[in-house]
Amino acid sequence: MHNKRHSNTWYRLMAGLYLTFDSVYAADSQPMTMHLRNVQAGFRRVIEQPELHPRNPQDKPVVRYLKDTLKMGAYFNESPIY
C-alpha cells in the first residue's frame, strides 16, 4: 500500500466486512459456523497484511444494484460497510 489514504480506506472496508460477518447468526449450523470462521480468518489476514492486485475497470451486471444498495445503507444502516 503506497498511499496512506488508500491504505486507511482499505483497512476500514476490511474491518467493516469483518464486523459484518462477525454479527451473522449461524443458526447452530456447524457448516455455517465453519464457513464464517474461514471468512473471518481471511479478512484478518487481509487486514494484517493487505496485498492489492489492481485491475482494469470492467462493466459488470451487478453494478446496476449498487445505487439502490447504497441508498438502503443510508437509511437502514445494518452494516459498517455501507
Side-chain angles (χ1 to χ4, degrees):
M1 309 290 287
H2 303 292
N3 184 316
K4 185 174 181 173
R5 184 176 66 82
H6 292 307
S7 178
N8 288 339
T9 301
W10 181 253
Y11 176 83
R12 287 177 40 210
L13 175 61
M14 290 299 104
L17 288 168
Y18 179 87
L19 291 172
T20 298
F21 275 87
D22 192 42
S23 67
V24 172
Y25 177 60
D28 295 326
S29 165
Q30 187 63 27
M32 183 65 155
T33 299
M34 294 305 298
H35 173 71
L36 290 171
R37 284 183 187 158
N38 289 335
V39 168
Q40 287 179 309
F43 283 129
R44 279 194 303 273
R45 281 191 303 274
V46 170
I47 289 168
E48 292 168 5
Q49 194 166 14
E51 186 178 319
L52 295 179
H53 301 278
R55 298 180 181 176
N56 291 327
Q58 297 178 356
D59 286 329
K60 299 285 184 177
V62 72
V63 174
R64 69 177 166 240
Y65 301 106
L66 186 58
K67 187 175 180 180
D68 291 335
T69 302
L70 292 174
K71 276 188 207 175
M72 286 175 40
Y75 295 105
F76 307 104
N77 193 13
E78 299 175 5
S79 168
I81 63 172
Y82 287 117

Taking only residues two or more places apart in sequence or in another chain, which ones pass side-chain contact (heavy atoms from CB on, under 4.5 Å) with [X]?
X     : result
Met32 : Val24, Ala26, Ser29, Leu36
Arg44 : Tyr18, Gln40, Ala41, Glu48
Lys67 : Lys71

Would you mind telling me which of Leu19, Leu13, Leu17 makes a side chain to side chain contact (heavy atoms under 4.5 Å, CB included) with Phe43?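 It is Leu17; the other options fail the test.
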